[in-house]
Amino acid sequence: MADDAMNDEMKEIIQDFLVESQEVLDGLDQRFVALEKNPDDADLLNEIFRAAHSMKGSAGFLGFTRLVHVAHHAESILNKMRQHEMAVERSVVDTILEAVDVIKLLMKDIKETGTDAHVDVSAMSAKLAAVLQRPASPGTPAQTPASASAPEPPPKLGAILIEEGALSSEQLSEALAKQDASPLLGEILVRDKVVAEEVVDKALKKQGPKPGAEGDQTIRVETRRLDQVMNLVGELVLGRNRMMKLCTGLEQSHEADPLVRELAETIGQLDLVTSDLQTAVMKTRMLPMRKVLGKFPRMVRDLANKVGKKVGLELVGEDTELDKSVIEEIGDPLVHLIRNAIDHGVETPEERRASGKLEQGTIRLEAAQEGDRIVIRISDDGRGIPVEKVKAKAISRGLVTPQEISTWGRREIINLIFQPGFSTAEKVTDVSGRGVGMDVVRTNISRINGTVEVDTDEGHGSTVTIKLPLTIAIIQALMVAVERRVFAIPLTSVVEAVKLSPGDLKTINGREVLTLRDHVLPLLRLSTMFEIPMQKDPAELGYVVVVAVCERRFGIMVDRLHAQEEVVIKSLGDLLGEITGVAGATITGEGKVVLILDMAELVQAMHPVGVLLNAR
């Protein structure tokens, strides 16, 4: 039993190490890119060195020898830079970044197997050793007293004691296993007579001042627990909606009853508390955009070097917060957009000089909160999107006919880049040309009820604007009815609702359409989509709800419009989760189960492409 407890404690210690080390690694790529631009920034170099040193120390007492080996060599190179024995050169930084990638693989191995023994580090070690053996760069200044005395906070207490030979890894593991809510590591070691109090005091002095109160104001919580709390809040919201609906009915039938009035006041207070609780829980799930944006400086650096271009990256709004579930979905689209901007947008240095631009192009990634939405803009100062080239490519691939596209506007033509398999690249490379980038962007953004817009100024650059909901767990929806069935349409996709009149509906190529303000809008009948038997008089036309998904608009025909309502998205499970056009379900204030429509899947069912894209 004691062995099981020890194993559990050790697993927890390793998990803490992985979390802390991952936080260090997440910031290293960005710091190295910044260091390359500012090689004389001693503070930044010291910060990187301390991060590597701390991670090496933690890995050492946990017995991850291969990780320690790689980190030690990288640390030695960094130390030479700190001592001005080696210059901060691109080739050296390239090697250290490769070492960081290997460390990430080692971390993945530790996470999956509990050991780092499955990753071969011999080639990386040889590269690092070769860099260490290089002679000092010509003109490298000798170490100055200031750099020699640069502050270097030591690693944690346990690592210090192991380094001094006062403690073994096994003794530290045993002590950490006993460390619960109250005693500190040093107190445990002294209490169990593992080390003398004087030795601990000496090590603590090396460790530096104790962290202030600010460091004790945060705790780590598993995301699984936050998901459970969010689920419970969702259930509470559903119960609140139901109670408010019942209370409204009671007030209408028993208006004079004082008990009903008191009940209404109590439910009103419950409504306020529920809303505040919902907001508070949503904030606990929020993560800063830097969790996503931090990897892009290095990606831009490496990719620009690969394609022979000079590209700088500007990041704005890294502190803008998004729900964890949205953060997880937005990473891939941003990667595709950045790669697309580098490969297709920014010109080569020669091309930029010829057109009177600076040799280095700029990609700007900006995030900000606007109302209840997060807006992300990715812009570049490159060549822009060649509209005529897009037009010719679409015709050659048979996406549209010359007659159809002749009536289109500039924006409609640009939107063709979102079509599956569409690419203007002359040849396929490992960077682009396969026609999957923008399609992935549209699909992933639509999945989280977001929208994407493209604007371009040929010769001067392009801007992609992504608008996302703050959270996808609880959304505002428009409730509509077809016969006796009620459906929920996410309000973020709704543009307007139109009452149909006789003669509004037309047919083009066998498909119903609506002409709305000189634009042809393809229509979708929910009764046909979900095979609902119709019993109403065909003369009763009902309404069309105009929805937009990534610049593509169509109309959904319904019988009646109900109220706007806050709904909680519930999964339909494995058996029903694959129903086309359905994102999930919710429970209304009346206690009915209502399907939530998936606009991204519905728009995929709308054909032909030409009719859809001309519906603006």
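Note that the structure is a prediction, hence the values are computed from the model and not measured.
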Results of side chain to side chain donor-acceptor pair (under 3.5 Å) for Gln564 - residues two or more places apart only: Gln476
Pairs touching residues 247-264 that satisfy side-chain hydrogen bond (donor to acceptor under 3.5 Å, both in side chains), sequence neighbours left out: none
Beyond-backbone contact of Arg373 with Thr492, side-chain heavy atoms, under 4.5 angstrom: yes
Distance-only donor-acceptor pairs under 3.5 Å for side chains of residues 226-236, two or more places apart:
residue : atom : partner : partner atom : Å
Asp227  : OD1  : Arg285  : NH1          : 2.6
Asn231  : OD1  : Lys570  : NZ           : 2.9
Glu235  : OE2  : Lys570  : NZ           : 2.8

Listed partners of Lys104 passing salt bridge (charged side-chain N to carboxylate O under 4.0 Å, His left out), at least two apart: Asp29
Residues that Phe296 engages under ring-ring contact (aromatic ring centres under 6.0 Å, His included), provided they are two or more places apart: none
Set of side chain to side chain donor-acceptor pair (under 3.5 Å) partners for Thr266, sequence neighbours left out: none
NZ/Lys592: more than 12 non-hydrogen atoms of other groups inside 6.0 Å: no
pair Ile489-Val545: side-chain heavy atoms closer than 4.5 Å: yes
Sequence neighbours excluded, every pair satisfying ring-ring contact (aromatic ring centres under 6.0 Å, His included) that has a member inside residues 485-510: Phe487-Phe530
Ile378 side chain reached by Ile466 side chain, heavy atoms, under 4.5 Å: yes
Student check: side-chain heavy atoms of Phe554 and Leu602 closer than 4.5 Å: yes
Lys245/Glu565 under side-chain contact (heavy atoms from CB on, under 4.5 Å): CA gap, chis, key distance, verdict: CA-CA 12 Å; Lys245 194 77 175 180; Glu565 192 169 319; over 6 Å; no
Partners meeting side chain to side chain donor-acceptor pair (under 3.5 Å) with Arg525 (sequence neighbours left out): Glu512
Lys324 atom NZ, over 12 foreign heavy atoms within 6.0 Å: yes
Option among Val316, Asp319, Leu315, Ile327 that satisfies the side-chain contact (heavy atoms from CB on, under 4.5 Å) test with Met289: Ile327
Residues forming a side chain to side chain donor-acceptor pair (under 3.5 Å) with Asp109, sequence neighbours excluded: Thr113, His118
Qualifying residues under side-chain contact (heavy atoms from CB on, under 4.5 Å), relative to Leu18, sequence neighbours excluded: Ile14, Gln15, Met107, Ile110, Lys111
Check: Leu491 and Ile475 side chains under 4.5 Å, non-hydrogen atoms: no
Non-neighbouring partners of Ala497 that pass side-chain contact (heavy atoms from CB on, under 4.5 Å), sequence neighbours left out: Leu561
Contacts of type salt bridge (charged side-chain N to carboxylate O under 4.0 Å, His left out), residue Glu566, not counting sequence neighbours: Arg240
